[in-house]
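Single-structure report; data block below.
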Amino acid sequence: MASLEVKIGNLLLKNPVTTASGTFGYGIEYMDFMDISRLGGIIVKGTTIQPREGNPYPRMAETPAGMLNAVGLQNKGAAYFAEHIYPNIKDIDTNMIVNVSGSSVETYVECAETIDALEKIPAIELNISCPNVKQGGMAFGVTCSGAAEVVRAVRKVYGKTLIVKLSPNVTDITEIARAVEAEGADAVSMINTMLGMAVDVEKRKPILSTVTGGLSGPCVKPVAVRMVWQTSKAVKIPIIGLGGISNWQDAVEFMLAGASAIQIGTYNFIDPTVSLKVIDGINEYCDRYGFKSVTELTGALEVGA
Amino acid sequence: MLDLEVRENLRLHQNYCLLKLTGKEQLPEMRPGQFVQVRVDNSAKTFLRRPISINFVNRRDNELWLLIQLVGEGTRKLATSKPGDIINVLLPLGNGFTMPAANDNRRFLLIGGGVGTAPLLYLGACLKAINVQPQFLLGARSKGDLLQLDLFRQYGDVYVTTEDGSLGEKGYVTDHSVLKEKHFDQICTCGPKPMMLSVARYAAAKQIACEVSLENRMACGIGACLCCVEKTRDDHHVCVCTDGPVFNINELSWLV
């Protein structure tokens with residue numbers, strides 16, 4: 001049996017399979033369906049310093065092989081998380097990682113500091129790529145200077161593992177990845193949702209209250225794999241790959257393209273136990289090809305003859 | 001999460017089918033108003049599960065009934081299911097209608113519109129089983145859209161409206177004469193939102209307690225994605241899937 005352990009910065013994952021922010025609640029929601037402690041990690045719902053009600057309904061549109069969402073970072077705020085949610089999740093035997101968002105550099109820093117004080121949260125995922133908020137979010141993630149600025153400020157106050165979640169809605173994602181690496185990010189996770197839109201032709205109106213929203217699901221996978229591959233050539237820090245993973249083959253695809261670990265997002269909605277099937281599938285794949293460690297898969301893509 | 005087997009697929013009408021599902025093991029406890037998330041396989045354009053309310057639970061035959069309106073590709077695909085097919089469902093989800101104590105003598109009126117009548121059958125059966133007398137007010141566009149009337153009649157009086165007057169009184173449910181003639185203590189309603197809103201207004205005017213069952217556009221069904229939200233009276237967003245789908249009208253912002 002291959003070793004499935006991977007390291008992301010100082011963070012040790014028991015296996016490379018984690019669940020994506022906004023698709024797995026706080027983990028608790030899935031306890032009825034599976035043993036969530038088998039996961040390499042759980043990236044919990046996007047958290048901001050102030051509570052947010054999110055965007056008006058409707059916030060979701062199903063699309064071919066995917067969905068659009070415009071939730072808009074609904075959450076009860078970092079203080080509420082620390083006081084009411086953290087106590088219930090801190091003893092889950094996996095890496096509980098908080099996705100941190102903000103509307104300004106200051107609010108990102110404040111939120112990171114609040115989470116830093118929580119002993120059993122070993123890492124944060126800095127969300128500079130949410131397409132569904134008016135201020136902050138993706139605005140920081142689409143320019144090198146914006147991304148660098150927020151990562152620099154958070155890095156100063158946050159000593160644990162810092163993962164930065166990148167937006168695909170850019171001309172060249174490798175430049176953004178380089179910029180956050182230069183500011184001390186320990187890893188990048190990619191990709192967040194792609195900006196999209198859907199129209200109700202009978203009503204001649206957009207389906208989402210916000211008109212545009214974030215596209216996720218299997219339909220974005222080829223774009224995500226391409227971006228992971230390009231970025232793996234551009235940076236030295238580990239990449240956590242995500243975007244449309246729905247089975248172990250997809251996960252291996254991301255790893256071969258250069259990802260050290262992966263996140264499963266939207267497919268949790270279709271099969272709440274998919275992440276466990278992916279862990280088992282990766283394990284069997286490693287055994288089948290004689291890989292002693294899952295880390296050997298990262299970037300093992302053979303291009304050309 | 002269970003793999004259930006299709007025992008019967010009855011096309012009740014051009015646009016509705018009734019799926020009777022069964023499991024190898026005893027089906028779990030299900031309360032009226034709860035729902036299931038049905039997986040639709042092998043359909044090119046559908047991706048997410050379909051939230052479907054529990055129409056009826058037949059304990060004797062270990063059957064779960066789902067009344068499905070054929071509205072899009074997913075439901076059309078489900079309607080092609082054949083006996084013996086396996087359908088994967090998450091169940092039971094959400095909170096049901098508030099059940100009274102046995103022998104409660106308050107008068108319950110269950111108001112349904114279109115496919116929204118579906119959960120009221122199981123609710124009516126469960127009320128009758130604890131010796132609470134339900135009455136039903138069911139509305140639809142036309143005669144053919146009113147389904148399972150004989151089954152409803154087993155549990156209580158049934159009043160009917162159709163928009164075209166092809167059955168019962170012509171008009172909307174809120175136009176029915178029974179609302180003027182009889183007094184009710186509790187209303188439970190499920191149907192299109194405009195219908196439920198007028199029912200809620202009627203209930204508020206008459207000071208009748210009212211519970212509504214919502215069917216907001218939903219992805220996960222288990223409170224993880226926060227897509228299916230509804231506004232509460234105090235201006236917060238709550239998930240229809242886990243905080244509902246049944247709400248006391250006073251919890252929501254509808255009448256504010």
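Numbered from 1 within each chain, the chains take letters A, B, ... in sequence-line order.
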If you measure from [atom1] on [X] to [atom2] on [Y], what distance do you get to the nearest 0.5 Å?
X: B:Cys227; Y: A:Tyr57; atom1: SG; atom2: OH; result: 9.5 Å
X: B:Cys220; Y: A:Tyr30; atom1: SG; atom2: OH; result: 5.5 Å
X: B:His236; Y: A:Lys76; atom1: NE2; atom2: NZ; result: 8.0 Å

Give, as side chain, backbone, both or neither, the part of [X] having an atom under 4.5 angstrom from any heavy atom of chain A.
X: B:Arg39; answer: side chain
X: B:Thr46; answer: both
X: B:Asn88; answer: neither

How close do [X] and [Y] get, counting heavy atoms only, and between which atoms?
X: B:Phe47; Y: A:Gly217; answer: CZ-CA, 4.2 Å
X: A:Gly25; Y: B:Ala224; answer: N-CB, 3.7 Å
X: A:Asp271; Y: B:Met1; answer: OD1-CE, 3.5 Å

By a 4.5 Å heavy-atom criterion (distance strictly below it), what part of [X] contacts chain B: side chain, backbone, both, or neither?
X: A:Ile207; value: side chain
X: A:Pro51; value: neither
X: A:Phe33; value: side chain

Member of A:Leu73, A:Val71, A:Asn75, A:Asn55 meeting the side chain to side chain contact (heavy atoms under 4.5 Å, CB included) criterion with B:Leu226: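 Per the side chain to side chain contact (heavy atoms under 4.5 Å, CB included) rule, the option paired with B:Leu226 is A:Val71, out of A:Leu73, A:Val71, A:Asn75, A:Asn55.
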Would you kindly say whether B:His237 and A:Arg52 are connected by a side-chain donor-acceptor distance under 3.5 Å?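 No.
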Atom [atom1] of [X]: over 12 foreign heavy atoms under 6.0 Å:
X: B:Glu5; atom1: CD; answer: yes
X: B:Arg59; atom1: CZ; answer: yes
X: B:Arg11; atom1: CZ; answer: yes
X: A:Lys120; atom1: NZ; answer: yes
X: B:Lys143; atom1: NZ; answer: no

Would a 4.5 Å heavy-atom cut-off, applied to side chains only, mark A:Met67 and B:Leu48 as touching?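 A side-chain contact exists here, since the closest heavy-atom pair is under 4.5 Å.
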Any side-chain heavy-atom pair of B:Cys225 and A:Phe269 under 4.5 Å: yes
Any idea which of B:Glu73, B:Lys231, B:Arg50 has the most non-hydrogen atom pairs under 4.5 angstrom with chain A?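 With the most close heavy-atom pairs to chain A, the winner is B:Arg50.
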Test: A:Glu62 and B:Arg49 ion pair at under 4.0 Å: no
Choice from A:Pro218, A:Cys219, A:Ala70, A:Ala61 maximising heavy atom contacts with chain B below 4.5 Å: A:Pro218
Under 4.5 Å, counting heavy-atom pairs only, tell me which of A:Glu53, A:Glu29, A:Lys45 racks up the most with chain B.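 Option with the top pair count is A:Glu53.
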